[in-house]
Amino acid sequence: MASFKSEFLHTLSERGFIHQISDETGLDDLLSKETVTAYIGFDPTAPSLHAGGLIQIMMLHWLQKTGHRPVSLMGGGTGMVGDPSFKDEARQLMTVDTIESNIASIKKVFSNYLAYGDGPRDALMVNNADWLTKINYLEFLRDVGRHFSVNRMLSFDSVKTRIDREQSLSFLEFNYMILQAYDFVELAKRYDCRLQMGGSDQWGNIVNGIDLGHRMGTQQLYALTSPLLTTASGAKMGKSLNGAVWLNADMLSAYDFWQYWRNTEDADVGRFLKLYTTLPMDEIARLERLAGAEINEVKKLLATEITAILHGRAAADQAAETARKVFEEGAIDANLPTVEVASAEIEAGLGVLALFVKAGLAASNGEARRHVQGGAVRINDAAVSDDKRVIASGDVNADGVIKLSLGKKKHVLVKPA
């Protein structure tokens, strides 16, 4: 592990955030001497970011915590093109209305991690549409495009991968790296932004921006990337069996978010405590030494701490208590995820397979059938072994709901409506 003078790089290094830095000594010196403005770009491809993007948000959090100014750059302009980096095919183009709606929705999450305002260290929320939509194409080609070598652009892994697979890379997407590089120069001029951070897949794009800044007369710019994370078993971060682990509460409940982290693999617990919580390193070291049954208590702590930053301490504690009641007491808690099903449907009777699909506990009847055959399905805590079992009004319990369980950790309440 490299030894850094600046608190920011020291913190990132000991917590496992650093993959590459363009000039370690230069950046470390700069961070030691002055308040540095740094940014990370976020694509508005959906109404919410997911847990895979949390590492980037935490980097901005630590930047501000150690006395510097973070910029969360919303890709309102670049979102109209779409980042082709390591994508197998072109992204679907989004309308301006969709992009603006997504940005408004995404913004809700950031204030849980960053303090925005007008002070010298207060975070800024910036949209690159502010300058990209005002570009004059001929002037842009002359002033910016002339600094780019197509030969060099073709050598980048993100582009090469597509070309080697003989998958079409449109001229529209090819422009993305020029626009992203120009963002860095524009932010340097507008906000004295000296550092761009991102995932390791963005290294080529960020270095492009440093090179363009050098050619267009900015001060020395810097790059810092984080490792692309997978779980110990190789699964992509931010994805669960039921889809993306969204950060916005209206797309994923605090309880389901808590559950995702509670189900962390044993081998990942220490790493995730460092990356996704603000617990002190000596406390994390103590927790890492625990093993056996105690590791489950650490996982609960991990889930609660991560959920508390995003959803608030009260919601995190409520999620932990809901889980305790459900798993330890076998109780039904009103805070469990609830699906409403028409009373008429329940009175007529619904097959167990169809109901589990409707409740989001299985993607298809075939998957639900395999769960039944594997002994993982329970209705009102009673095991179901017959995949033709019909659930009807007689299954509605005293609480007015039907409790569906998949294994020990996934529960959904079905409420007649």
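Since the model is a prediction, treat every value here as computed from it, not as a measurement.
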Do the side chain of [X] and the main chain of [Y] share a donor and acceptor less than 3.5 angstrom apart?
X    : Y    : result
K134 : D130 : yes
R69  : Y191 : yes
H68  : V36  : yes
H147 : L212 : no
R15  : K274 : yes
T322 : Q318 : yes
N112 : V109 : yes
R194 : Q220 : yes
Q196 : G209 : no
T231 : A235 : yes

Run the numbers on R190 and W131 for side-chain contact (heavy atoms from CB on, under 4.5 Å), then give the verdict. CA-CA 11 Å; R190 290 180 180 224; W131 54 84; 3.5 Å; yes
Flag the pair [X] / [Y] as yes when at least one side-chain heavy-atom distance between them is below 4.5 Å, and no otherwise.
X    : Y    : value
S32  : D28  : yes
K65  : F8   : no
F4   : T11  : no
V414 : I391 : no
L224 : L9   : yes
V339 : L413 : no
K5   : D29  : yes
Y260 : I306 : no

What distance do [X] atom [atom1] and [Y] atom [atom2] have between them, rounded to the nearest 0.5 Å?
X    : Y    : atom1 : atom2 : answer
L252 : W258 : CG    : CH2   : 14.0 Å
E340 : E345 : CD    : CD    : 12.5 Å
R271 : L229 : CZ    : CG    : 5.5 Å
D43  : I106 : CG    : CD1   : 8.5 Å
L124 : C193 : CG    : SG    : 9.0 Å
T45  : I99  : OG1   : CD1   : 10.0 Å

From K403, R378, R389, residue fulfilling salt bridge (charged side-chain N to carboxylate O under 4.0 Å, His left out) relative to D395: R389
Under a 4.0 Å N-O cut-off, is there an ion pair linking [X] with [Y]?
X    : Y    : result
E186 : K189 : no
E367 : R370 : no
R313 : E305 : yes

Can [X] and [Y] be counted as having a side-chain donor-acceptor contact under 3.5 angstrom?
X    : Y    : value
Q202 : T225 : no
N248 : S105 : yes
Q219 : D192 : yes

Pairwise salt bridge (Lys or Arg N to Asp or Glu O under 4.0 Å) hits with a residue in residues 213-226, at least two apart: D211-R215
Evaluation steps, side-chain contact (heavy atoms from CB on, under 4.5 Å), between N102 and M74: CA-CA 10 Å; N102 286 351; M74 295 289 110; over 6 Å; no
To check you understand the geometry: which heavy-atom pair defines the closest contact between [X] and [Y], and what is its length?
X    : Y    : result
L355 : L350 : CD1-CD1, 3.8 Å
S226 : H19  : C-CB, 3.5 Å
F148 : A181 : CZ-CB, 3.7 Å
V341 : K358 : CG2-CD, 3.7 Å
S22  : Y222 : OG-CA, 3.5 Å
A320 : T304 : CB-OG1, 3.8 Å

Output, in order, the C-alpha distance, side-chain angles, deciding distance and verdict of side-chain hydrogen bond (donor to acceptor under 3.5 Å, both in side chains) for T78 and N128. CA-CA 7 Å; T78 41; N128 64 14; 2.9 Å; yes
Yes or no on side-chain contact (heavy atoms from CB on, under 4.5 Å) for N296 and R262, after CA distance, side-chain angles and deciding distance? CA-CA 8 Å; N296 286 322; R262 165 64 183 86; 3.6 Å; yes
Contacts of type salt bridge (charged side-chain N to carboxylate O under 4.0 Å, His left out), residue K415, not counting sequence neighbours: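 In terms of salt bridge (charged side-chain N to carboxylate O under 4.0 Å, His left out), with neighbours along the sequence ignored, K415 is linked to no residue.
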Show the numbers, then the answer: is there a side-chain hydrogen bond (donor to acceptor under 3.5 Å, both in side chains) between S200 and Q20? CA-CA 7 Å; S200 59; Q20 273 179 292; over 6 Å; no
If a pair satisfies ring-ring contact (aromatic ring centres under 6.0 Å, His included) and one of its residues is in residues 22-57, list it, with sequence neighbours excluded.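 Every ring-ring contact (aromatic ring centres under 6.0 Å, His included) pair that includes a residue of residues 22-57, provided the two are not neighbours, is Y39-F184, F42-F110.
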Once you measure the plane-to-plane angle for Y276 and W261, does it fall in the parallel (<30°), tilted (30-60°) or perpendicular (>60°) bin?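 Tilted.
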Ring center gap for F257 and H311 short of 6.0 angstrom: yes
Does I57 form a side-chain contact (heavy atoms from CB on, under 4.5 Å) with L49? I'd like the steps, not just the answer. CA-CA 10 Å; I57 301 175; L49 300 175; 3.9 Å; yes
